[in-house]
Amino acid sequence: MHTLNIGILAHVDAGKTSLTERLLFDHGAIDRLGSVDAGDTRTDDGAIERQRGITIRSAVAAFTAHGTQINLIDTPGHSDFIAEVERALQVLDGAVLLLSAVEGVQAQTRVLLRTLRPLRMPTLVFVNKVDRPGARADALLADIRRRLTPHLAPLAGVTGIGTPKARVHRRPLDATAAEALAEVDPGILAALVDGPPPDRATLEAALAARTADGSFHPVYFGSALGGQGVAELVEGIVRTVPAGIVRTVPAPEPSGRHRAPRGTVFAVRPGPGGQRTAYLRLYDGEVTERQRLTFLRREADGRTAEVTGRVGRLAVIGRPGPLTGGNIAALTGVPGLRVGDRLGEPTGRAPRFAPPTLQTVVRARRPEQAAPLRSALLALADQDPLLHARPAAAGATSLLLYGEVQLEVLAATLVQDFGIDAEFEPGRVRLLERPAGTGEAWEEMPWLDRTRYWATVGLRVEPGPVGSGGVFAYETELGALPRAFHQAIEETVHATMLSGPHGWEVTDYRVTLTRSGFSSPVSTAADFRGLTPLVLRRALERAGTRVYEPYHAFEAEVPPGALAPVTSLLASLGAEVKETTGGTASWVIAGELPARQVRRAGLRLPGLTRGEGVWWSRPSGDRPVR
């Protein structure tokens, strides 16, 4: 039996968790349907998820259909948790993009497909809630073609849509579907132009191939609550999504040994007694209980660290036995595992985490909870490394977030899970500094002037490639200093770069140790930790830094009469409009905008468009502050 890892993605309230419940119930994985309203669903098992009726953390559940095990990854729908979605994408074989037949294409729907498209992820579209008043079929298909992608074919039809008597039936591939496939499949195009016309088997083969490479999207209709159309969706998943790397028995290497295991930790859940459960997607090899594993971690400053431990409990999702390639397991016993840790060499799809742009400072309302608050935030940062919890002044902690809803959820988590009442400062947009040039400085040991540090340190600062983080290198011989002194210099360099000349974190830098020296037995690691910041700040001042602010790519869809006022608003907020398309039913304005102005633009848009405007944006890099 092979395995497919399928993600369910959608705008909030489109019915992701309800569809998960229906799939598990219809295939015997659970004995009753859970309800989001009742708070008893299988995947939203956290207290805050149950209270708010939204998915916050990715969850995994499995069922078997048509001889295939399908692992469902239920992902968040709110835009503040887009990083959680992107983390899950790296372990998927395919995705189901869920739409509501009533609300149609929503802002987050477009964000999700834009995220899936560069990955060439096989993606099926499921139109949910066909039995609700106001549900649409043909009009919604037109919206999908216009606002999401023209490369699709409906494989189901609906009678009685918009009523409790709605029924779904299979829809064969017809001439319209063949024409849509011809736009992405040269073989079908040649058959339509030169003849003979493609038969059903040829069309189905082309549909499977183009779905597999992410260029075409089958569309299904149904109701997660009523169960209509779900069987057709499952059949489509099994028929069109290719299986990942699956080996029930690892293939032997030429030496006769098994292949080394390779995989990715994509979720971490807290457990009783402080023990945490990590979800590992394995791409290759095999993992068993009691096996000793070493995971690789890329730190925020660009360094690679190792996390080693022995597997305690190993629960493979949906099946017994060891964890093999293509499958997912929940494991415990390896201390300190974080989301994004890699087992073995990197493989599969690389993570594409958009960095948070909102920075806040959190403090405990009661002074005696300051230390527990710091511990709690560090534990939460292990589950979500993009929080970047760091010490701030007066016992506070600095955090990076994506939005206000994430902040509210974090505050509720601190109260419910840790018993800590915390206050958050108003969020502000996070800026960064990068070296503008090259600067060098050094300080010799105090042979004559008897300064307080018995150490020699010389450092050169220069710009690194964008996205490289921080890199530390050597021009001196590695054996010229004891290992503890080398480590003291490197750690202090990265810690000092957390605050540059303008007060913001410095990134994308390369710092090189150009001089070093010590006097035994007088010199200590503390001498190097004390001297390094002085030398580094002097070198950084000579290099100079430039401050950058984050930008968002945006799209605003507005009615024709609102084009002028919306364009004027965007210009006043410093937006750069790159493209304006449409003009008949609506206009779509695309461009880039400073992140600090995104909230203002989103709040002003409904008033300028009589509530008809749609706003979409997501982080798109940064630019120098003007």
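Predicted model only: the values in this text are computed from it and were never measured.
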Strictly below 4.0 Å, N to O, side chains only: are K578 and E592 in salt-bridge contact?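 A salt bridge is present here (some side-chain N lies under 4.0 Å from a carboxylate O).
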Going by an N to O cut-off under 4.0 Å, is there a salt bridge joining D93 and R281?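 Yes, this pair counts.
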Measuring from atom [atom1] of [X] to atom [atom2] of [Y], what distance do you get when rounded to the nearest 0.5 angstrom?
X	Y	atom1	atom2	result
T476	L513	OG1	CG	4.0 Å
E368	I420	CD	CD1	10.5 Å
N71	N327	CG	CG	6.5 Å
R297	D341	CZ	CG	4.0 Å
F472	I489	CZ	CD1	6.0 Å
E475	R460	CD	CZ	4.0 Å

Check [X] against [Y] and note the closest heavy-atom contact, atom names and distance.
X	Y	answer
A95	L9	CB-CD1, 3.7 Å
A422	V362	CB-CG2, 3.6 Å
F518	L481	CD2-CD2, 3.5 Å
A556	W615	CB-CE3, 3.9 Å
L531	A455	CD2-O, 3.4 Å
L293	P261	CD2-CG, 4.4 Å

Heavy-atom donor-acceptor pair, [X] side chain to [Y] backbone, under 3.5 Å:
X	Y	result
S215	D213	no
D508	G469	yes
Q597	P594	no
R374	A396	yes
E289	L314	yes
T360	E425	yes
T438	E462	no
R542	E440	yes
E505	R430	no
E549	A595	no

side-chain contact (heavy atoms from CB on, under 4.5 Å) between L282 and L343, worked out: CA-CA 8 Å; L282 201 67; L343 180 62; 4.0 Å; yes
Taking L323 as the fixed residue, which of T288, V287, I317 is the one that meets the side-chain contact (heavy atoms from CB on, under 4.5 Å) rule?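 With L323 as partner, side-chain contact (heavy atoms from CB on, under 4.5 Å) holds for just one option, V287.
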Report, as yes or no, whether the 6.0 Å neighbourhood of atom [atom1] on [X] holds more than 12 heavy atoms from other residues, nucleotides or ligands.
X	atom1	value
R363	CZ	yes
R546	CZ	no
E477	CD	no

Side-chain heavy atoms of [X] within contact of [Y], under 4.5 Å:
X	Y	answer
R338	V265	no
Q359	S398	yes
L337	L331	yes
L540	E433	no
F424	L399	yes
Y283	T264	yes
I589	V577	yes
R600	L593	no

Output, in order, the C-alpha distance, side-chain angles, deciding distance and verdict of side-chain contact (heavy atoms from CB on, under 4.5 Å) for L377 and L414. CA-CA 8 Å; L377 290 173; L414 289 171; 4.2 Å; yes
Contacts of R529 that satisfy salt bridge (Lys or Arg N to Asp or Glu O under 4.0 Å) - sequence neighbours left out: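 Partners of R529 by the salt bridge (Lys or Arg N to Asp or Glu O under 4.0 Å) criterion, ordered by chain and then number, come out as E491.
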By salt bridge (Lys or Arg N to Asp or Glu O under 4.0 Å), which residues pair with R537, not counting sequence neighbours?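 Counting only residues at least two positions away or on another chain, R537 forms no salt bridge (Lys or Arg N to Asp or Glu O under 4.0 Å).
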Start with the C-alpha gap between E576 and Y551, add the side-chain angles, then the distance that decides, and say whether side-chain contact (heavy atoms from CB on, under 4.5 Å) holds. CA-CA 10 Å; E576 178 183 335; Y551 268 65; over 6 Å; no
Where does the angle between the aromatic ring planes of Y279 and F266 fall among parallel (under 30°), tilted (30 to 60°) and perpendicular (over 60°)?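 Y279 vs F266 ring planes: tilted.
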Residues forming a ring-ring contact (aromatic ring centres under 6.0 Å, His included) with F528, sequence neighbours excluded: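 Partners of F528 by the ring-ring contact (aromatic ring centres under 6.0 Å, His included) criterion, ordered by chain and then number, come out as F485.
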Sequence neighbours excluded, which residues qualify as ring-ring contact (aromatic ring centres under 6.0 Å, His included) partners of H552?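 Testing H552 for ring-ring contact (aromatic ring centres under 6.0 Å, His included), a comparison that skips the adjacent residues, returns none.
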The test is side-chain contact (heavy atoms from CB on, under 4.5 Å); show your working for I73 and I328 and say whether it passes. CA-CA 10 Å; I73 292 88; I328 293 173; 4.1 Å; yes
Residues which pass side chain to side chain donor-acceptor pair (under 3.5 Å) with T294, listed by chain and number, not counting sequence neighbours: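 T294: side chain to side chain donor-acceptor pair (under 3.5 Å) contacts with T308.
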According to side chain to side chain donor-acceptor pair (under 3.5 Å), who are the partners of D421, at least two apart in sequence or on a separate chain?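 D421: side chain to side chain donor-acceptor pair (under 3.5 Å) contacts with R365.
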